[in-house]
Amino acid sequence: MDGQIVDLMREIGSKARAAAQELAYASQERKYAALIAASAAVWARRDEILDANSCDLAYAAEKGLSPAMIDRLRLDEGRVRGIVDALRTVAEQTDPVGRILAEWDRPSGLHIQRVATPLGVVGVIYESRPNVTADAGALCLKAGNAVILRGGSESFHSSEAIHACMVQGLREAGLPEDAIQLVPTRDREMVTAMLQAVEFIDVIVPRGGKGLIERISAEAKVPVIK
């Protein structure tokens, strides 16, 4: 594997691990504030997002992507509003951290509880839909996890623009900006690096077609949630 990719994975992974340690103890109020601020930023910066999406659509046309793929990639004001609404929906959900999943008493009198806690660092690998950048980032944040996002190469600029809004939300809420990171390269070797990054990533979540999920499941050294 290319040395620069290895170094990049180490840098991103180290930042994510540090952010996860802080995020695990973040209050539900701060996580809520971050997501609401991110949703506001997405709407305020929608022109930037749509301009970035135009670059991605041109790239997709040059690559000869199918009309269906291009439609999944395309954003308009209505779809941006959908991203805003999705972020607010996640923000309003009950905080899962600390939820009691089960409890029981032992004959000795010991009372035991199984309590929901963050996983740590989640890696999410997805294809062309740029809204997944916001969805995956929001869900991981809500659950107290840091996340490393690797979107499809065709949605690179759109994902960057949406990610910038997520980081703005974190910053305004006083949470670590490295809690939501986007892989800053189209290089496919970065996917391999993530799949092998057992030191930094606790679980990989693939979101996409059957081929993507099968490849990740076959190659990953990190545990995978299909």
Side-chain angles (χ1 to χ4, degrees), residues 8 12 15-16 19-20 23 31 34-57 59-60 65 69-91 93 121-143 145-173 175-188 190-191 194 201 203-209 212-213 216 225:
L8 178 59
I12 293 174
K15 290 179 177 179
L23 201 60
K31 290 185 287 185
L35 293 173
I36 294 299
S39 71
V42 167
W43 189 244
R45 300 170 67 170
R46 61 190 179 277
D47 288 342
E48 295 174 37
I49 293 171
L50 294 175
D51 287 345
N53 187 245
S54 295
C55 295
D56 287 334
L57 290 170
Y59 177 78
L65 267 62
M69 285 286 288
I70 289 176
D71 182 65
R72 284 197 290 272
L73 174 62
R74 188 184 308 278
L75 293 174
D76 56 27
E77 193 161 289
R79 289 183 174 181
V80 173
R81 168 57 72 182
I83 295 172
V84 172
D85 292 343
L87 286 170
R88 291 182 173 274
T89 297
V90 175
Q93 290 176 355
V121 178
V122 179
V124 182
I125 299 172
Y126 52 103
E127 294 180 328
S128 59
R129 292 185 188 274
N131 62 290
V132 178
T133 303
D135 293 345
L139 290 168
C140 288
L141 175 63
K142 187 73 174 184
N145 298 303
V147 62
I148 299 171
L149 303 167
R150 204 289 184 177
S153 59
E154 64 278 2
S155 62
F156 186 74
H157 296 293
S158 305
S159 294
E160 279 193 324
I162 294 169
H163 173 252
C165 298
M166 301 300 290
V167 171
Q168 181 177 334
L170 291 167
R171 183 167 56 249
E172 290 184 19
L175 292 175
E177 295 181 24
D178 294 327
I180 302 175
Q181 294 184 78
L182 181 70
V183 172
T185 176
R186 283 190 169 112
D187 195 320
R188 293 181 66 84
M190 195 63 196
V191 173
M194 288 178 66
I201 299 177
V203 65
I204 292 283
V205 179
R207 190 188 189 286
L212 173 72
I213 294 171
I216 288 173
I225 298 177

message = Donor-acceptor check, side chain of K31 to backbone of A91, threshold 3.5 angstrom: yes or no?
response = no
message = Holding to side chain to side chain contact (heavy atoms under 4.5 Å, CB included), I want the full list of residues that pass it with A161, two or more places apart in sequence or in another chain.
response = I49, A52
Heavy-atom donor-acceptor pair, E172 side chain to A37 backbone, under 3.5 Å = no
ask   = Looking at SG of C165 and CZ of R46, how far apart are the two atoms once the value is rounded to the nearest 0.5 Å?
value = 11.5 Å
inquiry  = Going by the rule salt bridge (Lys or Arg N to Asp or Glu O under 4.0 Å), which residues pair with R72 if we only count those two or more places apart in sequence or in a different chain?
reply    = none
note = For A134, the side chain to side chain contact (heavy atoms under 4.5 Å, CB included) test, sequence neighbours excluded, returns I83, L87, I162, M166
query = What distance do H163 atom NE2 and S158 atom OG have between them, rounded to the nearest 0.5 Å?
reply = 14.5 Å
inquiry  = Would you compute the distance between atom CD1 of I213 and atom CD1 of I225 and round it to the nearest 0.5 angstrom?
reply    = 12.5 Å
ask   = Among all residues two or more places apart in sequence or in another chain, which pass the side chain to side chain contact (heavy atoms under 4.5 Å, CB included) test with L57?
value = N53, I70, L73, R74
key: side chain to side chain donor-acceptor pair (under 3.5 Å) partners for K15, two or more places apart   = E11
ask   = What pair of heavy atoms forms the shortest contact from G137 to I180, and how long is it?
value = O-CD1, 3.7 Å
ask   = By side chain to side chain donor-acceptor pair (under 3.5 Å), which residues pair with D135, not counting sequence neighbours?
value = N131
message = Under the criterion side-chain contact (heavy atoms from CB on, under 4.5 Å), I'd like the reasoning laid out for Y126 against V205: C-alpha separation, chi angles, the key distance, then a yes or no.
response = CA-CA 8 Å; Y126 52 103; V205 179; over 6 Å; no
Using distance only, find each side-chain donor-acceptor pair of residues 147-154 under 3.5 Å and give its atom names and separation, not counting sequence neighbours.
from	atom 1	to	atom 2	distance (Å)
R150	NH2	R186	O	2.8
R150	NH2	D187	O	3.3
E154	OE2	S128	N	3.4

ask   = Can you name the residues that form a salt bridge (Lys or Arg N to Asp or Glu O under 4.0 Å) with R45, not counting sequence neighbours?
value = E48
Qualifying residues under side chain to side chain donor-acceptor pair (under 3.5 Å), relative to Y59, sequence neighbours excluded = none
task = Take M194 and V183, measure what side-chain contact (heavy atoms from CB on, under 4.5 Å) needs, and give me the verdict at the end.
result = CA-CA 10 Å; M194 288 178 66; V183 172; 4.0 Å; yes
message = Checking N145 now: which residues fulfil side chain to side chain donor-acceptor pair (under 3.5 Å) with it, not counting sequence neighbours?
response = none
Test salt bridge (Lys or Arg N to Asp or Glu O under 4.0 Å) applied to R88 - qualifying residues, sequence neighbours left out = none
Considering all heavy atoms, the nearest A146-A16 contact = CB-O, 3.4 Å
ask   = In Å, rounded to the nearest 0.5 Å, how long is the span from CD1 of I12 to CG of L182?
value = 8.5 Å
ask   = Roughly how far, to the nearest 0.5 Å, is CD of E177 from CG of L175?
value = 10.0 Å
remark   = Nearest heavy-atom approach of L212 to E127 is CB-OE2, 3.5 Å
ask   = Looking at side-chain heavy atoms only, is the closest gap between P184 and L8 below 4.5 Å?
value = yes
key: Any residue meeting salt bridge (Lys or Arg N to Asp or Glu O under 4.0 Å) with R129, in chain and number order, not counting sequence neighbours   = none
